[in-house]
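Hydrogens, waters and symmetry mates are skipped; everything else that's a heavy atom, side chains included, is used. Lettering of chains follows the sequences in order, A, B, ..., and the numbering in each one begins at 1. What you are looking at is a predicted structure, and each value in this text was computed from that prediction instead of being measured.
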2 protein chains.
Amino acid sequence: MINADKKRTQILEAATRRFAHFGLAKTTMSEIAQDLSFSKALLYYYFPDKNALYAAVLEHVIAQSFEEMEKQLSSISDCQQAMMFMLDKRIAFVTKYYNLLENSISAVQQIPDEMACVLADSKDKEIALIRDILQKGVDTGQLVIEDVQETAEIILFALVGMRFSILKDLKGVLFPTKDEFDHILQLQKKMVTVFLKGLASPSH
Amino acid sequence: MINADKKRTQILEAATRRFAHFGLAKTTMSEIAQDLSFSKALLYYYFPDKNALYAAVLEHVIAQSFEEMEKQLSSISDCQQAMMFMLDKRIAFVTKYYNLLENSISAVQQIPDEMACVLADSKDKEIALIRDILQKGVDTGQLVIEDVQETAEIILFALVGMRFSILKDLKGVLFPTKDEFDHILQLQKKMVTVFLKGLASPSH
DNA sequence: ATTTTGACTAATTTTTTCAATTATTCAAAT
DNA sequence: ATTTGAATAATTGAAAAAATTAGTCAAAAT
């Protein structure tokens, strides 16, 4: 029982390493099994198929990141500060898991339902996170916002889109460098700062 | 001479119709020639190759749109109004020429140098357009901006990215509808409005 | 009973080949 | 200088073959 869970976790971790480095297509179930000296069949004992394993990995790293972020965010009361913190963490996450996310990032191709679901969830949670930051700003009188949900959506669209636009401009670059992610972060911070100023209560 | 230019223009126009409707891949040189009852070889007398013709079409429609926009923009002094006008025109352009731009829009694939060049130019011009609107706002005392060029870039990145993010969410949709473009426009306007408010001079 | 495996099959991807389409050239005609 | 028909070169698409990988299962191990 406890041992079974351990095996499952081991598989998840090995899969995370492989997927995070090589992506879905360039990782085989055999390789993951070999990394652990397990038989390939064992992977199928714990996970129904490759997509499910990949989705589990995705879900795991996303959940981990959210958990950490929410914990740390709770101790920041200023919403400008909170937003900057979130941007830092967001970029750190994307930088670390860029290859894992490549499928979800590069549009075009169809994403299997299982992953689409995880990603949709993740998007909702991210909007909720931004919404909570904004709401705190409204509650403390720092901000004046008519529709907090929509405003959070606009901010997320702009952030995701900004990252995409900048990375697209770097055409021919298979793997963006740390510097390029830093550049994105810098512009995102400036944008959000101006945006928050635009939402600021006149009395402040 | 004058007749030769006319032929060139005819070819450009016929190519525009085909490319705008079917895109680069689904349009053949023979079809363009047939539309005009010219021989296919004549197209090669006026344009070195298919990519060059496509790039010329792209350049032409972009230049036309810019020209019209600049003319009309010159008579708008309020920068909020100017920005909204620009957003309207931008979306109208993308809606009209969506198929023509599909290559440039869908990332991933390599864009031939000739087109990349036209698109890079177009991007620079667009930034310049936004910069000029912002600069007017600074000059009239409506806005306070430290780095106008960078701010213009941020706005463009956010706009382009926003469009991309929203269209990506509509996965499986080959041709976005008018309504979907309107939704993009609506969110873009809200974003830019808040952003401009964030740049507004305190005295206003 | 649960967990694990090797050997097997099914599905998918990659490679190769070949026919058909399409881009491009060019010598000759206008 | 402009235009064309006829030819060649390049590209694409479909089909077949080969190779890799996903997924299954009966039996072994714990």
**Student:** Nearest-Å distance, CD1 (A:Ile11) to C1' (C:dT4)?
**Tutor:** 11 Å

**Student:** Just so I know, are the side chains of A:Gln142 and A:Gln80 near enough to count as touching, which here means a heavy-atom distance under 4.5 Å?
**Tutor:** no

**Student:** If you assign B:Tyr45 and A:Met29 each to the DNA chain D nucleotide with the nearest heavy atom, which residue ends up on the more 5' nucleotide?
**Tutor:** B:Tyr45

**Student:** Which whole-number value in Å describes the distance from A:Tyr44 OH to D:dA26 P?
**Tutor:** 18 Å

**Student:** Return the value, rounded to whole Å, for the distance between atom NZ of B:Lys26 and atom P of C:dA23.
**Tutor:** 13 Å

**Student:** With a 4.0 Å cut-off, would you call B:Asp121 and B:Lys125 a salt bridge?
**Tutor:** no

**Student:** In whole angstrom, give the distance that lies between atom CD of A:Gln34 and atom C1' of D:dT21.
**Tutor:** 12 Å

**Student:** When the aromatic ring centroids of B:Phe19 and B:Tyr54 are compared, is their separation below 6.0 Å?
**Tutor:** yes

**Student:** Provide, to the nearest angstrom, the distance between the CZ atom belonging to A:Phe38 and the C1' atom belonging to D:dG23.
**Tutor:** 19 Å

**Student:** Do the side-chain N or O atoms of A:Tyr46 get closer than 4.0 angstrom to the phosphate oxygens (OP1, OP2) of C:dT4?
**Tutor:** yes

**Student:** Please tell me which of B:Ala41 and B:Thr27 maps to the more 5' nucleotide of DNA chain C, matching each residue to the nucleotide holding its nearest heavy atom.
**Tutor:** B:Thr27

**Student:** Rounded to whole Å, please give me the gap between CG in A:Asn51 and P in C:dA11.
**Tutor:** 16 Å

**Student:** Rounded to whole angstrom units, what separation is found between the CG atom of A:Leu42 and the C1' atom of C:dT2?
**Tutor:** 12 Å

**Student:** Is the base of C:dT5 touched by the side chain of A:Lys40 through a donor-acceptor pair closer than 3.5 angstrom?
**Tutor:** no

**Student:** Nearest whole angstrom, please: distance from the P of C:dT22 to the CG of B:Leu43.
**Tutor:** 15 Å

**Student:** Output yes when at least one side-chain N/O atom of B:Lys50 is less than 4.0 Å from OP1 or OP2 of D:dT11, else no.
**Tutor:** no

**Student:** Could you walk me through whether B:Leu100 and B:Val61 satisfy the side-chain contact (heavy atoms from CB on, under 4.5 Å) test, starting with their C-alpha distance in whole Å, then the side-chain angles of each, then the deciding distance to 0.1 Å, before giving a yes or no?
**Tutor:** CA-CA 10 Å; B:Leu100 191 68; B:Val61 299; 3.7 Å; yes

